[in-house]
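What follows is a single structure, written as structure tokens, with notes after it.
If you read the sequence from its start, that first residue is 1, and numbering goes on from there. Just so you know, ligand 1 is whichever comes first in the structure, and atom 1 is the first atom listed for that ligand. These numbers were taken from a predicted model, which means no experiment stands behind them.
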Amino acid sequence: MPDSAVDSNPKVRGVCPHDCPDTCTWEVTVRDGVATQLVGDDTHPFTRGGLCAKVAHYLERVYSADRVLHPLRRSGPKGSASFERVSWGEALEDIARRLRGLIDQHGASAILPYSYLGTQGLIQCNSLSARFFARLGATRLERAICGGASGAGLMASNGTGAGMLPEQIAHSRFIILWGTNTIVTNLHLWHFIREARRRGARLVVIDPLKTRTANEADLHIRPMPGTDAALALAMMHVIVKDELYDADYVRSHTTGFDALRERVSDYTPERVAGITGIDAAQIVALARDYATVRPACIRTLVGMEHHAFGAMTFRTIGCLSALVGAWKEPGGGHLHMTAALHFTALNIPAVRMPQLEDTSIRCVNMAQLGQALTALSPPVRSLIVFNSNPAAIAPNQQRVLAGLRRKDLFTVVLEQFMTDTARHADYVLPATTQIEHLDLLWSWGHTYLALNRPAIDPVGEALPNTEIFRRLAAALGMSEPYLFDSDEQLIRAALSGGHPWLGGITYERLWEQGWAPLNLPSDWRRFAAGGFPTPSGKCELYAADLGAKGFDPLPTYQPARESPHGDLALASRYPLVLMSAKSELHFLNSSYANLPRQLRAAREPLLDIHPLDAEARHVSDGGKVRVFNDRGVVEVRARVGDRVRPGVVSLPSGWWASLSPGGTSANTLTADGLSDWGGGGDFHDTLVEVVGSR
Ligand SMILES: Nc1nc2c(c(=O)[nH]1)N[C@H]1C(S)=C(S)[C@@H](COP(=O)(O)OP(=O)(O)OC[C@H]3O[C@@H](n4cnc5c(=O)[nH]c(N)nc54)[C@H](O)[C@@H]3O)O[C@H]1N2
Ligand SMILES: Nc1nc2c(c(=O)[nH]1)N[C@H]1C(S)=C(S)[C@@H](COP(=O)(O)OP(=O)(O)OC[C@H]3O[C@@H](n4cnc5c(=O)[nH]c(N)nc54)[C@H](O)[C@@H]3O)O[C@H]1N2
Ligand SMILES: [Mo]
């Protein structure tokens with residue numbers, strides 16, 4: 001049970017738990033123990049009273065007839081979703097018995113925990129679970145499928161992914177949304193972009209897809225996927241050649257300008273036009289505008305990192321702001337994620353206790369779950385999943401499913417719904433939703449901390465993740481007190497370190513007021529006077545550290561193996577690049593993709609294909625197509641038009657295979673390699689062929 005009593009006040013403050021940069025606060029009205037209304041908080045400066053198309057209907061999720069409300073034990077073949085109800089006691093006792101047996105025979109590293117940001121709350125996401133699996137000595141999981149490569153890339157240039165603050169974009173005069181679909185994925189930032197445009201800002205979107213956001217831009221530039229580093233190098237070429245860089249800033253606050261000048265000399269707009277598919281004249285104009293209109297902001301997020309050279313792409317783009325001295329003005333610089341600010345302020349080690357972890361134990365990258373379940377030696381014998389739906393969101397879906405179907409794999413899934421992952425479990429344990437548990441929310445898209453108070457008692461027999469791990473620890477006979485801390489204790493631990501940015505922010509204040517801004521300096525111009533947290537203290541145009549690790553120390557472009565300019569034999573069999581971005585307004589990754597309202601709104605997954613590519617393949621608008629490569633086949637209907645550029649096709653991500661027309665979804669086709677560094681996936685480097693079918 002949540003350890004803070006449910007309040008008798010009928011209006012309860014809470015926070016959206018989803019893995020989204022907006023982290024909105026809300027207010028829940030409760031009558032007779034039932035939540036009757038959930039509305040956006042109009043006092044929160046970022047939420048501004050509005051919720052998105054998904055979360056506005058969060059109560060339908062809470063009270064959905066499809067929720068898993070009791071512990072379930074498998075009673076049919078894996079994947080058939082045949083389960084019988086059991087008691088918590090029976091479930092936990094049997095799970096503990098099975099795990100103990102595996103540990104005795106094979107050691108605890110036969111167990112793989114798999115989790116992500118189904119809830120982003122610091123406590124229910126990964127607090128006691130981190131302690132529990134470390135104490136157990138389970139295989140470790142690298143959770144880098146989102147933000148890993150972009151963060152590591154920006155780190156190499158600027159020492160951090162946290163630069164500008166989101167509200168500052170309102171002061172920009174030239175905004176590049178570079179590989180981010182703000183209106184769909186980061187809606188609450190749009191207000192500040194609109195504000196900037198009211199004051200005369202120009203908006204450029206760089207995206208292979210004509211997204212909802214691209215539709216609103218003054219200029220939409222459509223590179224071939226995975227070629228943005230070349231585009232950035234060509235911009236630098238123009239900026240250097242035309243002497244539009246900020247010589248003072250470059251001299252004082254960067255390393256390696258001469259080496260960079262040499263490097264970019266080859267990246268002429270004409271040559272890069274051939275790589276990116278963008279007109280040379282357009283590249284020149286973009287570079288000149290970016291370097292001369294002040295203040296200029298580059299906004300990036302996550303989509304563009306999912307490439308084999310994702311980190312290098314971000315590292316390269318990350319040099320532009322210093323080159324033109326954009327950091328000097330409020331509204332200038334690079335806006336990426338604010339996560340590092342929260343993680344600096346909060347006492348994360350007190351919550352997760354990293355000292356318990358034995359780093360000599362093997363580690364599995366979450367983007368390669370299929371490989372881990374089918375090829376790892378010694379094998380993974382038990383999989384414990386929470387806050388994630390890998391059967392839908394992990395790349396190379398057929399391989400993931402093959403792993404999940406293994407008869408000798410003992411799988412436990414903590415879930416709110418019978419996802420495609422849960423369907424393959426031996427036990428499904430019912431998890432609470434956000435209005436049923438206590439949590440502390442940080443944000444990767446703004447600088448407000450917020451407390452989520454439970455508004456209602458758990459529905460059915462659902463329990464918070466933390467409580468499930470406490471009970472599991474007890475069932476396994478563990479007795480270390482740190483495995484049994486309460487949710488409130490964990491939140492107090494997170495707020496404890498005494499960091500100045502947390503000054504005045506206490507549990508009591510958050511309980512009363514709901515949210516509080518981090519106490520950042522009021523004149524936040526992060527690198528106006530340099531001070532980059534890199535080894536040299538400068539923006540590292542030349543990064544000696546990268547060189548020492550075997551990477552190119554200078555910004556560079558390389559084609560991915562699985563791309564039109566990579567493995568040419570592969571590209572001749574599969575000539576189209578498949579994007580599977582977050583184009584569904586009504587889904588949050590694979591969450592909501594099973595709920596009636598959202599499924600009605602999303603209708604069906606369609607393959608976007610350009611008329612030139614469609615014609616060559618006898619594909620008609622609305623006609624059925626087979627999209628395939630060596631990893632599998634997806635059968636959907638085609639939408640012919642200019643939502644994609646020639647050479648690129650697109651499927652929406654998030655769809656559950658079991659609810660998709662042909663029984664497979666986009667990730668059936670996606671690559672499961674890793675980014676150059678930072679541990680990200682390369683799933684947007686996916687080549688396919690398309691044929692019309694009847
Ligand atoms: N409605 C909704 N909102 C969400 C989510 C959701 O599922 N639904 N998911 C949340 C999560 S977990 C995240 S990480 C964020 C992600 O937020 P974003 O990063 O904004 O979203 P993505 O769709 O992953 O990628 C954005 C765009 O990057 C483009 N892109 C991909 N590769 C390249 C490339 O090589 N070059 C260029 N220039 N562009 C490229 C894609 O075409 C896509 O339109 O959104 C969050 N918000
Ligand atoms: N092709 C393709 N693949 C992608 C992406 C893409 O753009 N394209 N995006 C990638 C990115 S950026 C991300 S972040 C990942 C997202 O991958 P995931 O984090 O796995 O996201 P979801 O699909 O939303 O699954 C979260 C699950 O957690 C459950 N959940 C929510 N709250 C709780 C809770 O309190 N307790 C428990 N036990 N469960 C809970 C939800 O019901 C849901 O089933 O997907 C990645 N995969
Ligand atoms: Mo993500």
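For A431, every heavy-atom contact with ligand 2 shorter than 4.0 Å involves the side chain, none the backbone. Looking at T433 against ligand 2, nothing comes within 4.0 Å, counting heavy atoms. Here L414 has heavy atoms under 4.0 Å from ligand 2 in both its backbone and its side chain. Residue contacts with ligand 2 for N387 involve both N, CA, C or O and side-chain atoms from C-beta outward (heavy atoms, distance under 4.0 Å). By the criterion of a heavy-atom distance under 4.0 Å, the backbone of L117, and not its side chain, is placed next to ligand 2. Under 4.0 angstrom from ligand 1, there are no non-hydrogen atoms of F683. Contacts between H586 and ligand 1 below 4.0 angstrom, taking non-hydrogen atoms only, are absent altogether.
Closest to atom 44 (O) of ligand 2, if we only count protein heavy atoms, is E415 OE2, 2.5 Å. In terms of protein heavy atoms, atom 31 (C) of ligand 1 is closest to M579 CE, 3.1 Å. Regarding atom 12 (S) of ligand 2, its nearest protein heavy-atom neighbour is K582 NZ, 3.3 Å. The nearest heavy-atom contact from the protein to atom 33 (C) of ligand 1 is H307 NE2, 3.6 Å. The protein heavy-atom contact nearest to atom 11 (C) of ligand 1 is D19 O, 3.4 Å. Nearest protein heavy-atom contact of atom 28 (O) of ligand 1 is G179 O, 3.1 Å. Here the protein heavy atom with the shortest distance to atom 38 (N) of ligand 1 is D228 OD2, 2.8 Å. For atom 1 (N) of ligand 1, the closest heavy atom belonging to the protein is V184 O, 3.0 Å. From the protein, the heavy atom lying nearest to atom 21 (O) of ligand 1 is T185 CG2, 3.4 Å. For atom 35 (O) of ligand 1, the closest non-hydrogen atom on the protein side is G226 N, 2.7 Å.
Residues W656 and N594 bring no donor and acceptor atom of their side chains to less than 3.5 Å of each other. Remark: the S150 side chain and the H336 side chain contain an N/O donor-acceptor pair separated by less than 3.5 Å. No side-chain N or O of N387 forms a donor-acceptor pair with one of S115 less than 3.5 Å apart. With hydrogens and angles left out, the side-chain atoms of T664 and Q397 include no donor and acceptor closer than 3.5 Å.
For the residue pair A232 and I317, the shortest heavy atom distance occurs at CB-CG1, 3.9 Å. Minimum heavy-atom separation, L429 to P71: CD2-CB, 4.2 Å. Here the closest heavy-atom approach between residue A311 and residue D676 is recorded as N-OD1, 3.0 Å.
No N or O atom of I145 sits closer than 3.5 Å to an N or O atom of ligand 2. Any N or O atom pair closer than 3.5 Å counts here, and F587 shares at least one such pair with ligand 1. Taking any N or O of S591, backbone or side chain, at least one lies under 3.5 Å from an N or O belonging to ligand 2. Polar contact with ligand 1: present for G303 (N/O pair, distance under 3.5 Å). On a distance-only criterion, L209 and ligand 1 share no N/O pair closer than 3.5 Å. Not a single N or O atom of P208, backbone or side chain, sits closer than 3.5 Å to an N or O atom of ligand 1. Residue T182 has no nitrogen or oxygen atom sitting less than 3.5 Å from a nitrogen or oxygen atom of ligand 1, judged on distance alone. Considering backbone and side-chain atoms alike, I206 places an N or O below 3.5 Å from some N or O of ligand 1. Considering both main-chain and side-chain atoms, N589 comes within under 3.5 Å of ligand 1 through a nitrogen or oxygen pair. An N or O contact shorter than 3.5 Å is missing between P225 and ligand 1 by distance. Checked against a 3.5 angstrom limit, the closest N/O atoms of N667 and ligand 2 fall inside it. In terms of N/O distances under 3.5 Å, ligand 1 is approached by N181.
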Salt bridge (charged side-chain N to carboxylate O under 4.0 Å, His left out) between E562 and R631, intermediate numbers included: CA-CA 13 Å; E562 190 162 338; R631 287 177 288 267; 2.7 Å; yes
When you look at T313 and E305, which way does the side chain to side chain donor-acceptor pair (under 3.5 Å) test go after all the steps? CA-CA 7 Å; T313 298; E305 77 171 23; over 6 Å; no
Stepwise side chain to side chain contact (heavy atoms under 4.5 Å, CB included) check, V205 with E216: CA-CA 9 Å; V205 169; E216 298 294 318; over 6 Å; no
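At least one side-chain heavy atom of L301 sits less than 4.5 Å from a side-chain heavy atom of P21.
The atoms of ligand 2 that sit less than 4.0 Å from any heavy atom of S580 are 1 (N), 2 (C), 6 (C), 7 (O), 8 (N). Atom numbering of ligand 1 starts at 1 in the shown order; those under 4.0 Å from a heavy atom of C146 are 14 (S). Here is the list of ligand 2 atoms found below 4.0 Å of a heavy atom in Y116: 14 (S), 19 (O). For ligand 2 and H437, the ligand atoms under 4.0 Å from any heavy atom of the residue are 35 (O). Every atom of ligand 2 with a heavy atom of R61 under 4.0 Å away is listed here by number and element: 41 (C), 42 (O).
Classification of the Y592-H18 ring pair by plane angle, with boundaries at 30° and 60°, yields perpendicular. Classification of the H306-H684 ring pair by plane angle, with boundaries at 30° and 60°, yields perpendicular. In this pair, F469 and F386 present their aromatic rings perpendicular. The plane angle is above 60°, beyond the 30 to 60° band.
Not a single heavy atom of Y592 lies less than 4.0 angstrom from ligand 1. A heavy-atom separation below 4.0 Å is not found between H306 and ligand 1. Judged by the shortest distance from any of its heavy atoms, H18 lies outside the 4.0 Å radius around the atoms of ligand 1. The shortest separation from a heavy atom of G654 to ligand 1 is not under 4.0 Å, leaving the residue out of contact.
By the salt bridge (charged side-chain N to carboxylate O under 4.0 Å, His left out) test, D426 is found to be paired with R74, K78, residues two or more places apart in sequence or in another chain being considered.
The residues R67 and E436 are annotated as salt-bridged, a charged nitrogen and a carboxylate oxygen being separated by less than 4.0 angstrom.
Summarising the contacts of atom 42 (O) of ligand 1 with T213, I317, D207, the nearest heavy atom is found in D207. Selection from T313, T276, T180 by nearest heavy atom to atom 20 (O) of ligand 1 gives T180.
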